[in-house]
Student: 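One structure is given below, represented as structure tokens, and several questions about it will come after.
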Amino acid sequence: MKRNIVMGIAIALGVLSIGVAGASAATTTSCCNEGACFDKPSAQQYKQETAPLSDAVRIKEIELSQLLGYDSTIIEVRQLEAEIKDLKGRIGAVAKKYDIQDCCRG
């Protein structure tokens with residue numbers, strides 16, 4: 001029963017995240033759609049510097065979704081969530097360093 005609830009929550013979160021991503025991609029007034037993200041030479045430096053961090057976030061998010069699908073402890077889940085938050089914080093610091101807008105983060 002507990003596993004079914006956890007799986008239901010994980011699926012619901014996945015559906016919600018896909019909907020948000022689709023809605024944000026559909027907007028035509030986004031700074032990213034206007035090419036503002038690629039006009040700056042610092043954007044390329046930002047991408048190079050954050051590529052390993054972004055990869056690590058994706059890997060951790062996959063691990064987290066797998067943990068939510070099994071009987072894992074809340075400690076494991078919270079630790080993984082903290083690691084993801086830390087990585088995203090580091091990406092945010094690099095974005096601030098290069099003056100990259102939120103909508104331009106990949």
Student: What distance do Leu80 atom CG and Ile62 atom CD1 have between them, rounded to the nearest 0.5 Å?
Tutor: 11.0 Å
Student: Give, for atom CG of Asp99 and atom OH of Tyr46, the distance between the pair rounded to the nearest 0.5 Å.
Tutor: 12.0 Å
Student: For the CG atom of Leu67 and the CD atom of Glu76, what is their distance to the nearest 0.5 Å?
Tutor: 5.5 Å
Student: Who passes side chain to side chain contact (heavy atoms under 4.5 Å, CB included) against Glu49, sequence neighbours left out?
Tutor: Val94, Lys97, Tyr98
Student: Within this structure, what is the CD-CD1 distance for the pair Glu63 and Ile84, rounded to the nearest 0.5 Å?
Tutor: 8.0 Å
Student: Shortest non-hydrogen contact from Val57 to Lys88?
Tutor: CG1-CE, 3.8 Å
Student: How long is the span from the CG atom in Leu87 to the OG1 atom in Thr50, to the nearest 0.5 Å?
Tutor: 11.5 Å
Student: Can you tell me how far the CZ atom of Arg78 sits from the CD1 atom of Ile75, to the nearest 0.5 Å?
Tutor: 9.0 Å
Student: List the residues meeting salt bridge (charged side-chain N to carboxylate O under 4.0 Å, His left out) with Glu83, not counting sequence neighbours, and say none if there are none.
Tutor: Lys60
